[in-house]
Amino acid sequence: MIFNNDRLIELGLSMHPAPEPVGSYVQCIQSNGMLYLSGGISVNGDQGIYGKVGQDIDLATAQQAARYALLNRLAVIEKHLGGFDLLSRIVAVNGFVNCTPDFTDHAKVLNGASDLLVELFGPEAAHSRTAVGVASLPLNVAVEISMIVECETDYAG
């Protein structure tokens, strides 16, 4: 897959270095050509989106939170694989939305991440997805995303 960094810049976004884990886990595990990414929160560098969707933040802000969480996960992929050249497919995106009990637009929130993947990698970045509403997330972030991606090799430098 080819990462379009120019498009990232055109969108006014940037990808910051991969964050260190803040608990007893690792950011990713590679096995049999698959890379399983832990959940990443809606913090991208020093920018973060916090609060409950449907109460503290609106849909557009929640979609931006999904973009931040995705960029957080892409930074982990880039660090682990030494770039995106060995990335062959986005298999699954699993998203969790910190929201009120009556909020039902979880899928629209996660469209922020899914649409960004296609903008950055092209139509071949289409993927399966889960979008779930939850009562709370770590640090009161708005969105958390985990991913499964396919790699061309089991080597990670």
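The basis for the numbers below is simple: all heavy atoms, side chains too, and nothing from hydrogens, waters or symmetry mates.
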Minimum heavy-atom separation for [X] and [Y], please, with both atom names.
X	Y	value
K79	A18	CD-CB, 3.9 Å
A113	L70	O-CD2, 3.3 Å
A66	L110	CB-CA, 4.5 Å
E152	L87	OE2-O, 4.5 Å
C151	Q30	CB-NE2, 4.0 Å
G39	E144	CA-OE2, 3.3 Å

- Distance col, row M15:CE vs N44:CG, nearest 0.5 angstrom, shows 8.5 Å

- Starting at CZ of R129, measure out to CD1 of I90 and round the result to the nearest 0.5 Å. 13.5 Å

- By salt bridge (Lys or Arg N to Asp or Glu O under 4.0 Å), which residues pair with E119, not counting sequence neighbours?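 Here the qualifying residues are R7.
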
Kindly say whether [Y] contributes a backbone atom to a donor-acceptor pair with the side chain of [X] at under 3.5 angstrom?
X	Y	result
D56	Y50	no
R89	E124	no
N72	Y68	no
S114	A126	no
Q63	N111	no

- Message: Can you tell me if I29 has over 12 outside heavy atoms packed within less than 6.0 Å of its CD1?
- Response: no

- Would you find more than 12 non-hydrogen atoms of other residues, nucleotides or ligands less than 6.0 Å from K108 atom NZ?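 At most 12 heavy atoms, drawn from other residues, nucleotides or ligands, come within 6.0 Å of this atom.
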
Distance-only check: which donor-acceptor pairs under 3.5 Å involve side-chain atoms of residues 130-142, not counting sequence neighbours?
{"residue": "T130", "atom": "OG1", "partner": "N94", "partner atom": "OD1", "Å": "3.3"}
{"residue": "N140", "atom": "OD1", "partner": "N98", "partner atom": "ND2", "Å": "3.1"}

- Hey, could you give me each pair passing ring-ring contact (aromatic ring centres under 6.0 Å, His included) that has a residue in residues 118-140? Not counting sequence neighbours.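 Counting only pairs at least two positions apart or across chains, the ring-ring contact (aromatic ring centres under 6.0 Å, His included) contacts touching residues 118-140 are F3-F121, F84-F121.
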
- Query: Are T61 and D58 close enough that a side-chain donor and a side-chain acceptor fall under 3.5 Å?
  - Reply: yes

